[in-house]
Every structure is written in C-alpha cells, then in structure tokens.
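To keep things clear, I will list the structure first and then write my remarks on it.
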Amino acid sequence: MNFTLSSKALSSSRTDCLVVAVPEKGDWPASTTQADEALGGQLKALQKNGDLTGKAGSTLMLPVNDAPWSRVLVVGTGADKDRKPADYRKALIAMATVLKDGAARNAVIALADTPLNGDDAVTSEASKLRLIGRTLEEQLYAFTGFKSEQPAKRKLAKVTVVASGAGKALKDAFNLGLATGRGMNFTRDLGNTPPNVCHPTWLAERAQQLAKEHDVIKTEVLDEKQMKKLGMNSLLSVSAGSAQPARLIVMEYKGGKSKDKPYVLVGKGITFDTGGISLKPGEGMDEMKYDMGGAAAVFGTMQAIAESKPKINVVAVVAAAENMPSGTATRPGDIVTSMSGQTIEILNTDAEGRLVLCDALTYVKKYNPEVVVDMATLTGACIIALGHHATGLLSNNDELADDLLAAGERAGDRAWRLPLWDEYQSQLDSNFADMQNIGGRPAGTITAACFLSRFAKEYRWAHLDIAGTAWNSGKAKGATGRPVPLLMDYLMSHAGK
Ligand code: BES
Ligand code: MN
Ligand code: ZN
C-alpha cells in the first residue's frame, strides 16, 4: 500500500474515492463544504432529507458523475461538541472498513480538518494525521499466510491523506503513525504465527532479520550454554522440558548520544505455554501461542523505532522459551538459583513468565538503564481485574508510572495502575527458598509483579501485564498489536525531537 500526505486542493485531486466528514451537529469542515459545492449541493440535500445523519461511525458511499472524483465516501463524525479522539478513531475505522474491500483503487482522505475536543497533544492536526496513519495500517491488516487459497487481491493500492501543509512536522507525524501501525502489524504477525513455527529460535531469527533490514539495529542472541554460564537457571528451568532450546534475544537501537542511558524494554517470549507439569486444562489452550505477546510488542516497537529514528537509545531484551511437560521438565517443588543469586521454589510450573523475566531483569542491569519497562501476558488474574480494555501497570517509581499512563491515554492504548505495596510481598514467602513463584489466589497480578520487583530494585522499573489486551478471543481471534502505541507514545515523548 502506498500512503502519501498532500496539501493539494481537493478540486485538483483526481481520485477513485474522496472521503469527507459530516458531523451530526456542528459546522461542516472546509473540505466537506468544498466537496458539496462541487457536487452542486447534493450533500446538503441528503442531510436535509435524512439520508445523511452524520452519526459517529456511519458511512455513505455516493457515485459521482461530474467531478474529479468517481465516488465520495461520507463518514459520520458525531456532534462537534462531543467528539473526542476515541470517537474520531471510530469514524476512521468505519472509513477503513469500507475502503478495504471496496472497488476504489485509490482514495483521497480529507478528514484531518474535523475538530476534536481535548488536549492539544491529541487534537492538533499533527496528532490527527498520526492517528489516521496508524489506523489505516492497522485496519488494512490481514493474516492469510497459512491459508492455502489466498483471498482475492485488494483493489485499493494508494491512499492520499489531505493536510493543511506538507511541512516536516505534519509529515513526521503522519509517518510516525504509519510506523506505529506497521509495528503493531509486525507484533500481530508474530503473535498469530502458530507455535510449531514460532519457537524461540525462529523468534531470534526475526530479530536477526530486523537488524539486517535496519542499519540502526544490532542484534545479539544468547543460546542456552551462554545463559547457563551467566547463571540464568530460572529462565532455563522453563525450557528444560522442551525440545526447543531457549534464547535470550537482545536488540540495540542507538539514536542518542553514546553516553545517554538507554530505555530498556523486556518482553516475555513464551512461544507456547502448556503450563508444564502443572498442565493447563485443554480448552482454549491454543491461545497460549500468544504467550509471547510481550516479546512480540518489543519487536514491533523496535521496528517502529528503527523507522522513526528518535534521538534516544533503546535496548530490547526478549526472554524466549517454550513451556512443556516431559521427563526433563521442571517439577513443582524444584528449587533453582536465579542469575541474581536469589533462590526460587517453583511451586507451580505454570507461573513460568516470572521465571524467565526475572533473569532478563537481572541481565539488563549491565546497560545502566534510564528506565526498564517489561511487558508480559503474565496473569489470568489481570483479565479478571481489568478485562480486555486496560493493561495492568505496576511500578517502583511514581513518575515513570504516571508517564506511561499518560502515554497510554494519548495513544488510546490505556493502562491502569495496581498497587505494589510491601504488604503483598509476604505472599511469596517460601519454607525452603528465598521465595516461591506463586502467591496464592488473592491479587494474582500484584504478587506476580511483586516477584519481578525483587529483581528490579536497582533501576526505575515498570511492568505491563498485557494478558487481557494483547489479543482478542472469540470471533475476532488474533493479536491486537497492543501495547505498541503506548510504548511508541512514551518513547517518542522522551526523544525531544
Ligand atoms: N500465560 C499465563 C497467563 C495467561 C493466562 C495469559 C490466560 C493470558 C490468558 C501464565 O503463564 C500463567 O499461566 N499464569 C498463571 C499463574 C498462576 C499459576 C499463579 C495464571 O494466571 O493462572
Ligand atoms: Mn503459565
Ligand atoms: Zn505464560
């Protein structure tokens, strides 16, 4: 798909399909008025007789005879006084749904002059262009590589988005949106890939490929022998039952000065989680292929960063392993010594995410991080607590937590903070080791984060539990690409560019 930004007048923009907005209540944007004039007042007439309600998310496709456009797609954007970025995004999704499988080979989208309510940071023309770019990429996504028959080829091949100018700020914003959308789609591809293909070694190859495609990324992969030498016995206890060896995948992006401390991202990369000897029930177990959703989001973010080239340094570490039961698998009751030296009594082999993450969190100390943000499909309890709308956020630093919450709010990829009070820590007390890997039923998301916090004492750290937000179950089953938008907003807001 070819995406461009243009400030050309609509009257001289030849296209198969012009897209304009009609509000349910309020003033028509300039581009809609222009289109209406060129159409001899047809839009006004349609509004008058009730065919054009302007209801948020409604669409009306009109054939056109005597204009530079073969069709006009009118998108309803709701009332001016109510319209928030989230409502605007709904209208964008409705538009993309029509364009996606329509007959138009190209389209000109004139929606960036629709006013929004809220902070300048989310309502400016630049932020609208960013959202348009991201939403287009996201909505045009399809995962068809494993179908033997490919669906009919999409007709739409070129999309032009109209802006008030073609200056650097607007272009950068639009491109950042596109890069974020592509990053999300990369994340979705990885999450959707079946677990017989997507194993730790395959994931490591994706990182090597990313480095090949982008000069600004350097990749290093540690194998089990190297991890053993570093003392990562906790991580290795998870892959012990699997025929697939674990990998520690490191990607480095250097956009800042060499002395700038890096932003470190850590991802849980369990390519399949059977639960191990503490075997999960069979129903829906296929969904545990997404247990590398944290890793996938790290990959997607690194790709988007490589394309956007902010002036910061970023290090990404993925702890990749497969959690399987077998004669060599870790048993409930086993005690391992983590890389930090702390010993862990493994009471449930299904609480494996924290076991791989804790060694990765110890490993990243060597980068002297500015902050460390880990992301993981860590607990079913997080879905019970927050459902599928908010990512769980836990942190040892209020400023970092607030910063991430604000980034999620701006990006429409929200998180909600849970407490990490000392009172919860005692649920991890073990009779035999420094700690046990489960804290019982109460506050499962918090005790999982408590476990991680013991390995993240030496830097500012936040944990994102994305168990409820990284994928959709049911009819729209598949990876969502979250929390790439949150992370991109956070990182770019620190790039000072
Ligand atoms: N990957 C799961 C968490 C999960 C469950 C994510 C459902 C998405 C949907 C994780 O490894 C796990 O099994 N956690 C256990 C922890 C428990 C044994 C303390 C859980 O949530 O039940
Ligand atoms: Mn598990
Ligand atoms: Zn898991």
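Counting starts at 1 for both ligands and their atoms, in listed order. As the structure is a prediction and not an experimental result, all values here were calculated from the model. Values below: all heavy atoms of this structure, side chains included; hydrogens, waters and symmetry mates excluded.
Rounded to the nearest 10 degrees, the angle OD2 (Asp273) to the Zn ion (ligand 3) to OD2 (Asp291) equals 90°. To the nearest 10 degrees, the angle centred on the Mn ion (ligand 2) between OD1 in Asp350 and OD2 in Asp273 reads 100°.
When only interatomic distances are considered, the shortest N/O to N/O separation between Thr379 and ligand 1 does not fall below 3.5 Å. Considering backbone and side-chain atoms alike, Ile383 places every N or O at 3.5 Å or more from each N or O of ligand 1. Annotation: Glu352 places an N or O atom under 3.5 Å from an N or O atom of ligand 1; distance criterion only. Checking only distances, Trp471 never comes within under 3.5 Å of ligand 1, N or O to N or O. For Arg354, no nitrogen or oxygen atom sits less than 3.5 Å from a nitrogen or oxygen atom of ligand 1, counting backbone and side chain alike.
Between Tyr490 and His494, the ring planes are tilted. Angles from 30° to 60° get that label.
Distance from atom 4 (C) of ligand 1 to its nearest protein heavy atom, with residue and atom name: Gly380 N, 3.8 Å.
Not a single protein heavy atom sits closer than 4.0 Å to atom 22 (O) of ligand 1.
By the 4.0 Å N-to-carboxylate-O rule, Arg134 lies too far from Asp489 to be salt-bridged with it.
Counting heavy atoms under 4.0 Å from ligand 1, residue Lys268 touches it through the side chain alone. Heavy atoms of Ile270 found under 4.0 angstrom from ligand 1: none, in either backbone or side chain. Heavy atoms of Asp273 found under 4.0 angstrom from ligand 1 belong exclusively to the side chain.
The Mn ion (ligand 2) sits nearest to atom OE1 when only the N, O or S atoms of Glu352 are considered. Glu352 contributes atom OE2 as its closest N/O/S atom to the Zn ion (ligand 3).
Side-chain atoms of Asn323 and Thr274 form no donor-acceptor pair, as typed in the model, at a separation below 3.5 Å.
For the pair Arg206 and Trp202, the cation-pi test (distance below 6.0 Å, angle within 45°) is passed.
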